[in-house]
Every structure is written in structure tokens, then in C-alpha cells.
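To keep things clear, I will list the structure first and then write my remarks on it.
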Amino acid sequence: MDRRRDVAREIARIYCALTPSGVDTLASILIPMKFQKGDTILAEGKVCRALYYVEHGMVRQYYYKNKRDVTEHFSFEGRIVFCIESYLKQEPSRLIVEALENTKLYAIPYDDLNNLMVRNQEMDMLYRKILEHVAISSQEHADSQRFENATERYERLLREKPEIVLRAPMVYIASFLQMTPETLSRVRNGNTSSQRAAAAHGQENVDHGAPRDVNDAWWTKAVK
């Protein structure tokens, strides 16, 4: 329970301040899960039944279009990932979530959270803040695709999320930025100095998760 309480505090720090009682309430429903690199966290056609907080590792959301996979989103330490349409409608997802690295998540189950929200204002506010964060992030990414050229999109990624450039395969980054791998290579070659600076910044700021207690097991529990 202590590790779950630490994770609940971190979620509260990032998304919405909670009282000690609120932290304990959130901790009580967290489900620790682990995935190996390449594992599918959510398969196409399955219902997204939880929000997933990334404690350690990196995941991506993607879908298939014209027989090619298209990366829609990356999540890493300190981020929450879920397929929003499937989650809100509780219908099968058209998106897939996979682990790009060995990853530890904490699931916040849909049913448990909704039951708490009915009687706990803090949980309701936390949920709203998480949705606001996701909506703003999605809009910013969509606006970048609409209004910025390839170089500007890449420079924004270097500036705002250097962890992705450092850790994700280039083919997925190209897809995420809506450009071909060849275009991404040309853009990267033209931004060598900026890339070095962003990489240095990213190495200083990437938090690969708090040191794990040797007694803290990595459980895997399916969210029904």
C-alpha cells in the first residue's frame, strides 16, 4: 500500500492537489501492472477499462490506416495514457497501446473511479483535471500538425518532449509527426545543434521512476 500511496501522491502533484484522505482513497484503487517491451497493453477491439499512470517506461498509442501503423501518442514517466473514446463510451477501441520499453503502470479502473466520483468530490475533480490535460495536449498536437511545417514540428518535439526523441524509434517519431522517415532524417540533419542541446536537457530531466524498493514486487493483474 505504501508504494501505491507514493504513486497517488505523485498523480495528485501532477494533475490535481488532493488531501491526505484523497491520496489514500486514490491509492486504494490503484492496480500495479508490468509489461515487457513489445507487449500489448490494450488491443484493438478491446474496451479501455482503466486510466494508466506510467511509473516507469514508455508506451505508444497507434492505429492502422491503409495497412500502415500510425503513431498517435507517446506516454512516459509521470503521464497518464488511455484511449479516450473507448474509455468514455466503454466501447471497443480502434487504437492499440503497446510498451516500447519494459514498463510499469498503475491502472485506475473505470468502475472503481466512477463509483468514487459519485460520493467523493476530490476524485471527481481529479478526473476532470486529467481529462482537461489530455484534451489540451491533444489539441496542441493537432494544431502543430495543422499549422507547422516539418521542421517546426520536430523542433517543438525537441523543445517540449526530448524524452521521445531520446527513447522512441525514429520510425514511430516520423509517424507521430506525420512525415516520412526520410523527411525526418533530413530535418534532423538540419537541426544537429538543437538536437544536441535538447538531448542534454532530456538526459538531465528524464525521470525513469523513483528507485524501487527491493521488496516492491512487480505485479500483473488484469483489469476486468
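Atoms considered below: every heavy atom in the structure, side chains included; atoms not considered: hydrogens, waters and symmetry mates. Please read these numbers as outputs of a predicted model, since none were measured by experiment.
Here the CG atom belonging to Leu184 is positioned 6.5 Å from the CG atom belonging to Leu177, to the nearest 0.5 angstrom. Residue Arg5 holds its CZ atom at 10.0 Å from OG of Ser28, rounded to the nearest 0.5 Å. Separation of atoms OH (Tyr62) and CD1 (Ile96) is listed at 4.0 Å; rounding is to 0.5 Å. Taken from CG in Leu26 to OH in Tyr106, the straight-line distance is 11.5 Å, to the nearest 0.5 Å. Distance check, rounded to the nearest 0.5 Å: CG of Leu126 to CD1 of Ile14 gives 11.0 Å. Residue Thr183 holds its OG1 atom at 11.5 Å from CG of Asn149, rounded to the nearest 0.5 Å.
Between Tyr52 and the options Thr103, Val59, Ile80, Val81, a side chain to side chain contact (heavy atoms under 4.5 Å, CB included) holds for only Val81. Test Glu77, Arg79, His73 against Ser75 for side chain to side chain donor-acceptor pair (under 3.5 Å) and you get one pass: His73. Among the candidates Arg156, Arg159, Arg153, the single residue satisfying the salt bridge (Lys or Arg N to Asp or Glu O under 4.0 Å) test with Glu148 is Arg156.
In the hydrophobic clustering of ILVMFWY residues, with side-chain heavy atoms under 4.5 Å counting as a link, Leu116 and Tyr15 come out together. In the hydrophobic clustering of ILVMFWY residues, with side-chain heavy atoms under 4.5 Å counting as a link, Tyr87 and Ile29 come out together. Criterion: ILVMFWY side-chain heavy atoms under 4.5 Å apart, direct or through other members. Under it, Leu158 and Met179 are part of a common hydrophobic cluster. Taken together through direct or relayed side-chain contacts under 4.5 Å among Ile, Leu, Val, Met, Phe, Trp and Tyr, Val134 and Tyr53 form part of one hydrophobic cluster. Residues Leu51 and Ile84 are members of one and the same hydrophobic cluster, defined by side-chain heavy-atom contacts under 4.5 angstrom among Ile, Leu, Val, Met, Phe, Trp and Tyr.
Val165 and Ile173 make their closest contact through CA-CD1, 3.8 Å (heavy atoms, listed as atom of the first residue, atom of the second, distance). Taking all atoms of both residues into account, the shortest heavy-atom contact from Ala99 to Phe35 is CB-CB, 4.1 Å. Annotation for Leu30 and Ala8: closest pair CD1-N, 4.0 Å, computed over non-hydrogen atoms. The shortest non-hydrogen separation linking Ser86 to Cys48 is OG-N, 2.9 Å. The two residues Ile31 and Pro109 make their nearest non-hydrogen contact at CD1-CG, 3.6 Å. For the residue pair Phe82 and Ala50, the shortest heavy atom distance occurs at CB-O, 3.7 Å.
Panel note: side chain Asn102, backbone Lys37; a donor-acceptor pair is recorded below 3.5 Å.
Contact annotation: the side chain of Asn114 never approaches that of Tyr127 to less than 4.5 Å [non-hydrogen atoms, C-beta and beyond]. Residues Leu18 and Met123 are in side-chain contact: their nearest non-hydrogen atoms beyond the backbone lie under 4.5 Å apart. For the pair Ser185 and Asn189, the minimum side-chain heavy-atom distance is below 4.5 Å. Contact annotation: the side chain of Lys161 never approaches that of Phe74 to less than 4.5 Å [non-hydrogen atoms, C-beta and beyond].
A donor-acceptor contact under 3.5 angstrom links the side chains of Thr19 and Glu122, judged on distance only. A side-chain N or O of Tyr154 and one of Arg188 form a donor-acceptor pair less than 3.5 Å apart.
Remark: Arg60 is not positioned above the aromatic ring of Phe176, lacking an NZ or CZ atom under 6.0 angstrom from the ring centre and at most 45 degrees off the axis.
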* **Derivation and outcome, side chain to side chain contact (heavy atoms under 4.5 Å, CB included), residues Asp6 and Arg3** => CA-CA 5 Å; Asp6 288 342; Arg3 186 68 200 127; 3.2 Å; yes

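Salt bridge Lys89/Glu85: present, at least one basic N to carboxylate O contact under 4.0 Å.
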